[in-house]
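Residue numbers count from 1 along this sequence.
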Amino acid sequence: TALVWDKANDALEFADNAAITFGSSADSSIVHDGSNFTLTNVTGEIRIRPKVGEEGIIAKADGAVELYFNGVKKGETTADGWSVTGLLTASGNIQINNDTSQIRLGASQDLRLYHNGSGSYIEDVGTGNLHIRAADNVSIQSYNGGEDMAKFIENGAVELYHNNVKTFQTDANGASIFGPEGGDALIFLQADEGDDNADIWRIKADTSGNFKISNLSTGSFVDGLTLNGSNNATFAGTVSDSKGEIRSIPKSAKTANYTLVAADGGKCITMS
């Protein structure tokens with residue numbers, strides 16, 4: 001009794017595993033095995049049409065499952081996963097649960113976003129430039145603390161931060177270096193990759209209003225030139241020009257009737 005009539009529900013009932021078959025060779029069948037409903041087609045495709053002549057779903061043997069909207073294909077399975085034609089809209093998160101997959105954009109998949117297990121990357125592996133744009137300003141912040149790291153202000157400054165304190169800013173005429181509240185402003189210059197102390201120089205505006213240029217050749221910074229707020233200069237070493245040390249004027253004793261020569265420039269000539 002694979003087929004019975006249920007008078008109470010006014011329905012024709014099939015027993016579990018009883019199949020309805022279609023086609024001269026029983027190519028298609030519908031069956032319920034007690035747990036699952038199965039539609040099987042042996043020859044050709046399975047097509048579901050919302051109306052005559054308009055495709056809704058097509059399932060191909062050993063091939064794609066295609067989904068249609070108003071008769072136009074919008075998505076299909078592929079050997080690699082899923083392909084969408086048009087806009088993909090999600091009401092929740094889009095999540096990739098492994099460290100080997102990437103989000104790839106562009107006809108040649110030039111732009112890639114991924115996490116490799118150690119770090120996160122935005123890469124442009126093709127030709128051209130990588131542009132980051134915003135309607136107003138662009139800000140880079142730390143995730144956990146929300147600290148500012150860099151700001152790019154439309155029609156304004158580029159700002160760089162250290163430990164959430166602004167230390168660098170561009171302006172219309174150049175750039176500014178900032179020290180923290182109560183701290184000095186410092187610029188370090190390192191020649192030859194800074195591989196020895198003599199290559200390292202420091203420019204400092206200190207909290208006392210002094211401007212200093214220092215070198216690390218002794219193992220600690222020694223101020224070579226200090227300008228105070230009154231623009232008075234102090235030099236730690238000698239001050240020289242092409243004639244020699246400016247502070248020390250050499251004396252040259254001559255006899256009477258001496259005629260000056262070019263080599264006497266920068267000297268004090270005395271006569272007996």
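- Considering CD1 of Ile269 and OG1 of Thr259, their distance stands at 11.5 Å, rounded to 0.5 Å.
- Looking at Asp223, its side chain never comes within 3.5 Å of a backbone N or O of Lys212 through a donor-acceptor pair.
- Counting heavy atoms from C-beta on, the side chains of Leu111 and Ile103 never come closer than 4.5 Å.
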Tell me, with the steps shown, if Ile132 and Phe152 meet side-chain contact (heavy atoms from CB on, under 4.5 Å).
-> CA-CA 10 Å; Ile132 300 175; Phe152 306 87; over 6 Å; no

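- A single hydrophobic cluster is not seen to contain both Val125 and Leu105; linkage of ILVMFWY side chains at heavy-atom distances under 4.5 Å, directly or through other members, places them apart.
- Asp241 CG to Glu245 CD: the interatomic distance, rounded to the nearest 0.5 Å, is 10.5 Å.
- For the pair Asp171 (side chain) and Asn173 (backbone), a donor-acceptor distance under 3.5 Å is present.
- Val222 and Ile213 fall into different hydrophobic clusters, where Ile, Leu, Val, Met, Phe, Trp and Tyr are joined by side-chain heavy atoms under 4.5 Å apart, directly or via other members.
- Contact check on Glu66 versus Lys73 returns a salt bridge, with a Lys/Arg side-chain nitrogen under 4.0 Å from an Asp/Glu carboxylate oxygen.
- For Asp148 (side chain) and Ala150 (main-chain N/O), no donor-acceptor pair under 3.5 Å exists by modelled atom type.
- Contact check on Glu123 versus Arg112 returns no salt bridge, with no Lys/Arg side-chain nitrogen under 4.0 Å from an Asp/Glu carboxylate oxygen.
- Checking Leu189, Asn215, Asp192, Leu216 one by one against Asp199, the side chain to side chain contact (heavy atoms under 4.5 Å, CB included) holds for a single residue, Asp192.
- Lys251 places none of its side-chain heavy atoms less than 4.5 Å from the side chain of Lys267.
- The residue from Thr43, Thr40, Thr21, Asn41 that alone fulfils the side chain to side chain donor-acceptor pair (under 3.5 Å) condition with Ser28 is Asn41.
- Counting heavy atoms from C-beta outward, Thr207 and Asp184 have side chains that approach closer than 4.5 Å.
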From CA spacing to verdict: side-chain contact (heavy atoms from CB on, under 4.5 Å), Phe188, Ile203 | CA-CA 6 Å; Phe188 293 91; Ile203 300 173; over 6 Å; no

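- Of all heavy-atom pairs spanning Ser118 and Asn116, the tightest one is N-OD1, 2.9 Å.
- One distance of note links OH of Tyr143 with OG of Ser120; it measures 11.5 Å at 0.5 Å rounding.
- In the hydrophobic clustering of this structure, Leu186 does not group with Val165; members are Ile, Leu, Val, Met, Phe, Trp, Tyr whose side-chain heavy atoms approach within less than 4.5 Å, directly or through other members.
- In terms of heavy-atom proximity, Met149 sits nearest to Gln141 at SD-C, 3.6 Å.
- A distance-only check finds a donor-acceptor pair linking the side chain of Thr77 to the backbone of Val65 [under 3.5 Å].
- With Asp33 contributing its side chain and Asn36 its backbone, the two residues share a donor-acceptor pair below 3.5 Å.
- For the atom pair CG of Asn164 and OG of Ser142, the computed distance is 7.5 Å after rounding to the nearest 0.5 Å.
- What you find for Lys151 and Ser139 is that their closest heavy atoms are CG-OG, 4.0 Å.
- Here the side chains of Val31 and Ile20 are not in contact, with every heavy-atom distance at 4.5 Å or above.
- With hydrogens and angles disregarded, a donor-acceptor distance shorter than 3.5 Å links the side chain of Thr218 to the backbone of Ser220.
- Hydrophobic clustering (side-chain heavy atoms under 4.5 Å, transitive across Ile, Leu, Val, Met, Phe, Trp, Tyr) keeps Phe221 apart from Trp201.
- Considering all non-hydrogen atoms of both residues, Ala233 and Leu225 come closest at CB-CD1, 4.1 Å.
- Within 6.0 Å of the CD1 atom in Ile249, the count of heavy atoms belonging to other residues, nucleotides or ligands does not exceed 12.
- At least one side-chain heavy atom of Met271 sits under 4.5 Å from a side-chain heavy atom of Tyr258.
- Atom CD of Glu154 has more than 12 neighbouring heavy atoms from other residues, nucleotides or ligands inside a 6.0 Å radius.
- Side-chain contact annotation: Thr100 with Asn98, donor-acceptor N/O pair under 3.5 Å present.
- Contact between Ser248 and Pro250 at its shortest, heavy atoms only, is O-CD, 3.5 Å.
- Judged purely by atom type and a 3.5 angstrom limit, Asn93 has no side-chain atom pairing as donor or acceptor with the backbone of Gln95.
- Of all non-hydrogen atoms in Leu260 and Asp264, the two that sit nearest each other are CA-OD2, 3.5 Å.
- For the pair Lys166 and Phe178, the distance from NZ or CZ to the six-membered ring centre is under 6.0 Å and the angle to the ring normal is within 45 degrees.
- Around the NE2 atom of His162, the shell of radius 6.0 Å holds no more than 12 heavy atoms that belong to other residues, nucleotides or ligands.
- No donor-acceptor contact under 3.5 angstrom links the side chains of Ser217 and Asn197, judged on distance only.
- In Phe14, the CZ atom is crowded: over 12 heavy atoms of neighbouring residues, nucleotides or ligands sit closer than 6.0 Å.
- The shortest side-chain heavy-atom distance between Ile200 and Arg202 does not fall under the 4.5 Å cut-off.
- Taking NE2 of His115 as the start and CD1 of Ile96 as the end, the distance is 12.0 Å to the nearest 0.5 Å.
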When you look at Asn163 and Glu147, which way does the side-chain contact (heavy atoms from CB on, under 4.5 Å) test go after all the steps?
-> CA-CA 7 Å; Asn163 195 23; Glu147 292 186 353; 3.9 Å; yes

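- At distances below 3.5 Å, at least one donor-acceptor pair connects side-chain atoms of Thr78 with backbone N or O atoms of Asp80.
- Side-chain atoms of Lys254 and Thr270, non-hydrogen and from C-beta on, never get closer than 4.5 Å to each other.
- For the atom pair Thr234 OG1 and Asn210 CG, the distance stands at 9.0 Å (nearest 0.5 Å).
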Start with the C-alpha distance between Phe235 and Thr226, add both sets of side-chain angles, then the distance that settles side-chain contact (heavy atoms from CB on, under 4.5 Å), and finish with yes or no.
-> CA-CA 7 Å; Phe235 294 89; Thr226 300; over 6 Å; no

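- Leu39 and Leu12 fall within a single hydrophobic cluster, where Ile, Leu, Val, Met, Phe, Trp and Tyr are joined by side-chain heavy atoms under 4.5 Å apart, directly or via other members.
- With contacts defined as side-chain heavy-atom distances shorter than 4.5 Å, the pair Glu159/Phe168 does not qualify.
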